[in-house]
Protein chains: 2
Amino acid sequence: MANIKDVAKHLGVSVSTVSRAMNNHPDVREETKLQVMEAIRALNYRPNAIARGLINKKTYTIGLMIPEISDPFFAGLANAVEETFSKQGYQVVYGNTNRDPVKEKQFLSNAIERQFDGLIITPDFLDDTFKELISGLDMPVVFLRRRTPPGISAPYVDVDHYEAATEAVKYLIELGHRQIGFIGMPESSFTGIQRLLGYRDTMWKHGLLSDDSNIVMSGGRNIDCGRRAMSKLYERNPNVTAVFAGNDLLGIGALEWLAQQKIVVPDQISVIGFDNLEYAELHWIQLTTMEQPRAEMGTKAADLLLQMISDKEMTPESELIKARLIVRQSCKALQTTLSI
Amino acid sequence: MANIKDVAKHLGVSVSTVSRAMNNHPDVREETKLQVMEAIRALNYRPNAIARGLINKKTYTIGLMIPEISDPFFAGLANAVEETFSKQGYQVVYGNTNRDPVKEKQFLSNAIERQFDGLIITPDFLDDTFKELISGLDMPVVFLRRRTPPGISAPYVDVDHYEAATEAVKYLIELGHRQIGFIGMPESSFTGIQRLLGYRDTMWKHGLLSDDSNIVMSGGRNIDCGRRAMSKLYERNPNVTAVFAGNDLLGIGALEWLAQQKIVVPDQISVIGFDNLEYAELHWIQLTTMEQPRAEMGTKAADLLLQMISDKEMTPESELIKARLIVRQSCKALQTTLSI
DNA sequence: CTGAAAGCGCTTACAG
DNA sequence: CTGAAAGCGCTTACAG
């Protein structure tokens, strides 16, 4: 591969001149510029971004930490982030952690050593080591779909899960449901806990029961977990007339189990989800759900980071985004005459 | 951030010694090594991978070009590639092209300038400019889910789409179907064409009709396209008893349209897909399909590239992987007494 | 407008 | 076993 020396030699000028011509520096003669461009083409020369990065202390690379790229929710988020950055000439490097604390830390090390310009992260394990790593970072960071832990100064972009859960449960209550079950993500999930709390508080405020007979923590967040959790919930309390699922995948799993049991949705039981994945729209599913606006969240996070990169001193405000109720076919008003 | 000079100064040794100690060079005293390690920890020093890459001409980064990361098929492929490489300490950088010829070329430029160690690519536009770019590359390349175009020396990993299509159609014929429709991907798709050809030839060999009344090119490859294509196919030929969909997403779209029309699958019409996505397994879908073994393909491609990286001279053999028929509930034997 | 020189943060022959 | 020096491929004050 030709380097800058080769093109300088080819033209009989100095490497300084070639460099300046390439970078469109104002005080280089137009004619020289043209000659350099021509030589670059002729030699098929490509500047070495590594060398450039070393001297400019800028790599045009940002890191994006993702819990599970196979989860369509995060794939959508990542897409939005990527789009915003690639427009600005940045390369985004995904770090798929599979919620593994070791991988999360590895990703940070990687980011440091490879001199990324900034980071958008969705960590699952905010232990002390992790927080130290983050604090020691001298690169801008924004938390996405997470809250910034205390003691760290970095903005976040998240949905108000508590409020959204409140809204979901209120919707079911307004439809006349009283026996409302909850199928949740693992207890270790901040998001999951927020949604559970929103459910609990709303039930309580309306004088409704929400004890262990109505709550199943599914131990995961995929369709399979949803199936199992729905089965367990039904076993514990066959009188539930509505279910709030902690996310769409769990909701879809619940719908599957109900369909297998020939329990008709929404006639016999209503189900509401959380996320609004594409699959919630499938003809057989038609899941009513709380939408998390993925594109908006990803874009917002990217914008914040871009600001922080261009102005190192600034820490922009965090953004709490509102989820929106999407009504489809999986919920129905309870016929009060039929209920006990 | 501390650099190697700082730790050298801290200890009163030369940077050479620090470098050698870090890299576990044999001829450095054990005691020195320990001291260096201690200093590194004390100063929280992280080696700069950019500087390392510049001098070692090795970045431990590989590029993975993907048509559409939102397509679960490619997400799965990417995952397998990523896993293999991250185990070996490589960072994989995704290039999501959205089948945009400009982005495909940009990704190659990026790879060159950023000095990636190798590339796994799934390009959609193999025009002359692209082929030139590839030929000019002095980095190892493997084609994944594509064939290497003539004139280029690089291995590929792909499924035998033609043979797999043949098998799918044979399966339908063996079930007694004669009026078999085809819903295809765009004509620009090599893969799509191969599957179409497999369908056509098999129909022809069995003396069955496969003309325009039985074939709909859907103009895309997602669920929505499948819905529209199925509707068009049915309009053109209401007598079809079976449909071969060019991929699972099209197949799922077809199933949706049929469900909406209250046409019962598989009693009234059989549908077979291609890919074996997770969603094909959903209770309501249960799509019989030709599986493309994604994990195997991704891992294989990664292994080939790894080989080529360690031995620059070698060009390993390409791999043609066999698709496997996965039987679920969407196909059924035709009751011959009822057929015309 | 152009060039020589220093330097980004490392590694590695070479010499001792 | 260790250090001084050269060099990876660039950019950018500095001097002219």
Query raised in the report: Please give, in whole Å, the distance from dC10(D) P to N3(A) CG?
Result: 5 Å

Report summary line: In whole angstroms, the gap separating P of dT11(C) from CD1 of I50(B) amounts to 13 Å

Requested in this report: Could you tell me whether K58(B) sits above the aromatic face of Y60(B), with NZ or CZ closer than 6.0 angstrom to the six-membered ring centre and within 45 degrees of the axis?
Outcome: yes

Query raised in the report: Once you round it to whole Å, what is the distance between C1' of dG9(D) and NZ of K58(A)?
Result: 20 Å

Requested in this report: For N56(A) and dC8(D), give me the distance from atom CG to atom C1', rounded to whole Å.
Outcome: 16 Å

Query raised in the report: Are the side chains of I121(B) and E104(B) in touch, meaning some heavy atoms are under 4.5 Å apart?
Result: no

**Report entry** Residue whose closest nucleotide on DNA chain C lies nearer the 5' end, T32(A) versus V15(A)
**Finding:** T32(A)

Query raised in the report: So do T122(B) and E68(B) actually touch side chain to side chain, heavy atoms under 4.5 Å?
Result: no

Query - Nearest-angstrom distance from the residue atom CZ of R29(B) to C1' of dG3(D) - result: 14 Å

Query raised in the report: According to a strict under-4.0 Å criterion, is T17(B) in side-chain N/O contact with OP1 or OP2 of dG3(D)?
Result: yes

Query - Distance in angstrom units between E30(A) CD and dC1(C) P, rounded - result: 9 Å

**Report entry** Any R52(B) side-chain nitrogen or oxygen under 4.0 Å from OP1 or OP2 of dT11(C)
**Finding:** yes

Query raised in the report: Does some side-chain heavy atom of E317(B) sit less than 4.5 Å from a side-chain heavy atom of P155(B)?
Result: no

**Report entry** Integer angstrom distance from the P of dC14(D) to that of dC10(D)
**Finding:** 24 Å

Below 3.5 Å between N/O atoms, which protein atoms pair up with nucleotides 13-16 of chain C? Just atom names and distances, please.
unit_1, atom_1, unit_2, atom_2, d
dA13(C), N6, R20(B), NH1, 3.1

Query - Distance between P atoms of dA5(C) and dC1(C) (Å, rounded) - result: 24 Å

Requested in this report: Could you tell me the separation between the CG atom of L11(B) and the P atom of dT2(D), rounded to a whole number of Å?
Outcome: 11 Å

Report task. Could you tell me the separation between the OG1 atom of T148(B) and the NZ atom of K131(B), rounded to the nearest 0.5 Å? Result -> 11.5 Å

Requested in this report: Identify which one of N110(A), T97(A), D127(A) satisfies the side chain to side chain donor-acceptor pair (under 3.5 Å) criterion when paired with K105(A).
Outcome: D127(A)

Query raised in the report: In the structure shown, which nucleotide is the Watson-Crick or G-U wobble counterpart of dA4(C), with both distances under 3.5 Å?
Result: none

Requested in this report: In whole angstrom, give the distance that lies between atom CG of D27(B) and atom P of dT11(C).
Outcome: 15 Å

Query raised in the report: Taking DNA chain D as the partner, which of residues 33-49 of chain A come within under 4.0 angstrom of it by heavy atom?
Result: Y45(A), R46(A), P47(A), N48(A)

Query raised in the report: Less than 4.5 Å apart, any side-chain heavy atom of N96(A) and any of F74(A)?
Result: no

Query raised in the report: What interatomic distance, in whole Å, is found between P of dG9(C) and the corresponding atom of dA13(C)?
Result: 23 Å

Query - Residues T17(B) and S14(B): side-chain donor-acceptor under 3.5 angstrom - result: yes

